[in-house]
Structures are given as C-alpha cells and as structure tokens.
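First comes the structure, then the notes that go with it.
What you see below is based on every heavy atom in this structure, not just the backbone, and it leaves out hydrogens, waters and symmetry mates. Because the structure is a prediction, the values reported are computed rather than measured. Proteins get letters first, then strands, A, B, ... in listed order; numbering begins at 1 in each.
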Protein chains: 2
Amino acid sequence: MSHRHLILGLLLEAPMTGYDIRKRLCETMSMIASPGYGAVYPTLHRLLNEGAVTVNVVQQDGRPAKKVYSITRPGREELWAWLREPSEPDKITREFLLKVLLAQNLEPEDFKQHLERRRKETETLYKSLEELKAQPGQRVNGHHNLVIAYAQEMCKAEMRWLDRVERDLNCDGGPGEAAVYT
Amino acid sequence: MSHRHLILGLLLEAPMTGYDIRKRLCETMSMIASPGYGAVYPTLHRLLNEGAVTVNVVQQDGRPAKKVYSITRPGREELWAWLREPSEPDKITREFLLKVLLAQNLEPEDFKQHLERRRKETETLYKSLEELKAQPGQRVNGHHNLVIAYAQEMCKAEMRWLDRVERDLNCDGGPGEAAVYT
DNA sequence: CCCGCCATGTAACACGTTACATGATTTT
DNA sequence: AAAATCATGTAACGTGTTACATGGCGGG
C-alpha cells in the first residue's frame, strides 16, 4: 500500500481534498508519484471507513461541494508505526535500464539514440529540480529538499554513467564483449 | 507489461522453462525484478496463446516434465519494436525515500537509524554487484555489465547523499528548516 | 463558443503478491 | 528424517491505470 501512506503523509501537513492531493503529487512531487483519480479517491474512501481520516464537506457556490479530508489520531499512529519500520530494499524498475540490457540485440544506432534521449531527459529533470528548490513558499515540508537533493544526486550519477558508456562506445567501436566497465 | 518484455528478452538468449526464468531473475538480476511464480507462469501462458513463444515439453525420469519455452519470430519482432520505442521517464518509487520525506515528523533518532540502515544496505548491495561482475561464465548478456555499472553508480550517489545528510544533521543539530542542501 | 479548471466518482481491465497444492529426488 | 531443489500451476486478494460520466465557471 504505497499511496496509502503517501496520502496520510500529505494530510499530516494540512487537510486537503482528493483533488488537491492528486494535484500536489503531480505538480511538486511528480518524481515520486502521479496517480490518477482512480487511485486517489478509492484510497481515501478506504482510509475513511477504517477511521484513519475524517471528512468535512464544504459547500461552495457555483463549484461542486468539496470534501476536505483530515488525518485522525489513529491515522497518525498508523503512519508513525509504518515510518519507524525499516523499509525493504528496492528494485531498479526503470524501463530504460531494461532496454539497455536488451539493446545488445539492437542496431548500435538505435542504442545510441536511447542514450542521447536519456541524457536530455536527465538534464531537463535536473534543471526542473533546481527550479523546485528555488520556489519560495512551496517549502511546506522541510524534508522536501532532502528528496530533491536525492533525485539530483541520482541525475548526476546517471550522467556519469552515460559519459562512461558513450566513451566506451566510441573507443572500441560498439558494445563489444571485451569491455569490462570497471 | 514489464515482465512480458523482460521474459521475452531472456528467451532471446536461450530457450528456458518458467522455473529457469524465475531463478535467473532472482539470482543474477535481482536488482531488476524477483517475481513469484504467480507472475511468471501466467505471463508465459499469455505469450504462448498470442504466439510470441512456443513450448517444447521434455519428459524427464523422476522429475516432472519440463516445458521449455522458445521465442518465436513474431515474439522477436514485438520485442524489437518495443525496444526501439523511447522509454517513458520513470519515478523514484523507493519506499525509503518516502519515509525520508515524512521522517520530519519522527524523532531524529529514528531518522538516523533509517539512514544508518540504508548505508549498510547500500554497501552490501555494492559489494554483491562487485562479485556479480567478477563471476566468470555468467556473462551471457554483454550488456549485463552496463546494468551492473549503472546500479553501482546509483549506490555511489546514494552514499554521497547519505554523507551530506548526515553531515548536515550533525552540524546544525537536527533537520532544521534553514538548511538549504545546495 | 470551446477549452481548461475545479471536483467528485465509478467500472473495466490488467497485473502482481501471496499462499497454497502436488510430488519425486537429492542433499544435509 | 528433514529440508531443499526441481517443476508446474491456481485462486484470492489488493491495487493501479485508463477511460468515462457529470456539471458549472471563467478566460481566450
């Protein structure tokens, strides 16, 4: 249950609607998750009838009524218990990496295109993270910067890796089996 | 469909049974995926009745009969087409990172424990990757080393990040909001 | 006038995890 | 004698993705 704890964590900051939650995730935390409504609302319903959150229906003129969710005492305790538990080691699920692995069955040109595209994307991501850091007022959560720093560190590592792969590719002309990549 | 292409990719190397596939993934490619049988067999069945693979039933004495799967021409073409497509940007799904984000609501001591545990795990992973590289004969796939190098680069980046976070934690005593993490 | 934003939700579908069932052989 | 290995598979369950349905407001 990944979204469950993520949502509880957001509600810890401030009460929010499902719409807000989804927006927040997609806008300032898109590197962590960008769920559709089909993930957000059902999760909130579950949390509600398990007593981890409460609703407050707010009528609005013109606009449809809001449902503002707040975290409850039991909800907070569940979240804390989960937080204290050690997190299990995680996989590198990147589709890109899987393609790298299988790309040896591809034309070298296609492989190089993948690398180039990746480099551009990584650069873009790095810059957008830089902008996120600079945004004033957005810093609701103090540890948000830690996460951004983490993501940037990963970007840098990826660039280093790309450098190495491309260098090897140019040196010994193609992905030969002799390359050792120490 | 992540497992689908992963399995097709393995079958590109050599015909295999579902059991073999799962073993291979869990042993030498565990950083990418370690699916249960409930993921492997159904996927193979799907691939089979879509014509992407073929079976060859091999009787054995004592042991139950094997079903050795091979990739077919259409299967190879599907895989190639997928390989050539650009891969979409991926999220940092790490449970650990989510806990870091929310850990500001935790006692600093608990947070430090998470960091320490993570450091140890990362070190262990790095070393096990080093051993994987050294294994002779295991190098069926030439690009396997690229993936290992990638994973190691990520490990190093993680260590750097941990260094920085721990240094900051010791300097200004706790995750203060003033820290900027440039 | 049409499009995007606010705001909720459901339904179909696909997929993965976990646990179970079977059963002989080889290793400890 | 117990446990792990080989080898297949199914069923329950949870959860995520996608697409759809609704409906008024405000800007271009």
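Contact annotation: S2(A) side-chain N/O to dG16(D) OP1/OP2 distance is not under 4.0 Å. Between dA7(D) and K23(B), no contact under 4.0 Å exists linking OP1 or OP2 to a side-chain N or O. Here Q60(A) does not reach the OP1 or OP2 of dC6(C): none of its side-chain N or O atoms lies under 4.0 Å away. In terms of phosphate contacts, T17(A) brings no side-chain nitrogen or oxygen within less than 4.0 Å of OP1 or OP2 of dC6(C). The shortest distance between the side-chain N/O atoms of H3(B) and the OP1/OP2 oxygens of dG16(C) is below 4.0 Å. The side chain of Y41(B) places no N or O atom within less than 4.0 Å of a non-bridging phosphate oxygen (OP1 or OP2) of dG9(D). Residue Y37(A) places none of its side-chain N or O atoms closer than 4.0 Å to OP1 or OP2 of dG9(C). Distances shown here put a side-chain N or O of K67(B) below 4.0 Å from the OP1 or OP2 atom of dG9(D).
Whole-Å rounding puts the H5(A) NE2 to dT15(D) P distance at 9 Å. Straight-line distance from the CG atom of L6(B) to the P atom of dC15(C): 14 Å, rounded to whole Å. Spacing between atom CD of E95(B) and atom C1' of dT17(C) amounts to 15 Å, rounded to whole angstrom units. In this structure, N49(B) places its CG atom 12 Å from P of dA14(C), rounding to the nearest Å. dT8(C) atom P lies 12 Å from atom CD of Q59(A), rounded to whole Å. One atom, CZ of R22(A), and another, C1' of dT18(D), lie 12 Å apart when rounded to the nearest Å. Between the P atom of dC15(C) and the CG atom of L47(B) lies a distance of 10 Å, rounded to the nearest Å. I7(A) places its CD1 atom 11 Å from the P atom of dT15(D), with the value rounded to the nearest Å.
At a threshold of 4.0 angstrom between heavy atoms, the contacts of R46(A) are confined to the sugar-phosphate backbone, with no base atom among them.
By the rule that hydrophobic residues join a cluster once side-chain heavy atoms approach within less than 4.5 Å of another member, L97(B) and L25(A) end up as members of one cluster.
Looking only at atom types and distance, the side chain of T28(A) has a donor-acceptor partner in the side chain of R24(A) under 3.5 Å away.
With distances taken from any side-chain atom of Y69(A) to the nucleotides dG9(C), dT10(D), dT5(D), the minimum falls on dG9(C). Among the nucleotides dT10(C), dT10(D), dA7(C), the one closest to any side-chain atom of H45(A) is dT10(C). Here dA7(D) is the nucleotide among dG16(C), dT8(C), dA7(D) with the atom lying nearest to any side-chain atom of K66(B).
Between K127(B) and E130(B) there is no salt bridge, since none of the side-chain N atoms of the basic residue sits less than 4.0 Å from a carboxylate O of the acidic one. Electrostatic pairing of E78(A) and R4(A) counts as a salt bridge here, judged by a charged N lying under 4.0 Å from a carboxylate O. Classification of E77(A) and R73(A) as a salt-bridged pair holds, one side-chain N sitting under 4.0 Å from a carboxylate O.
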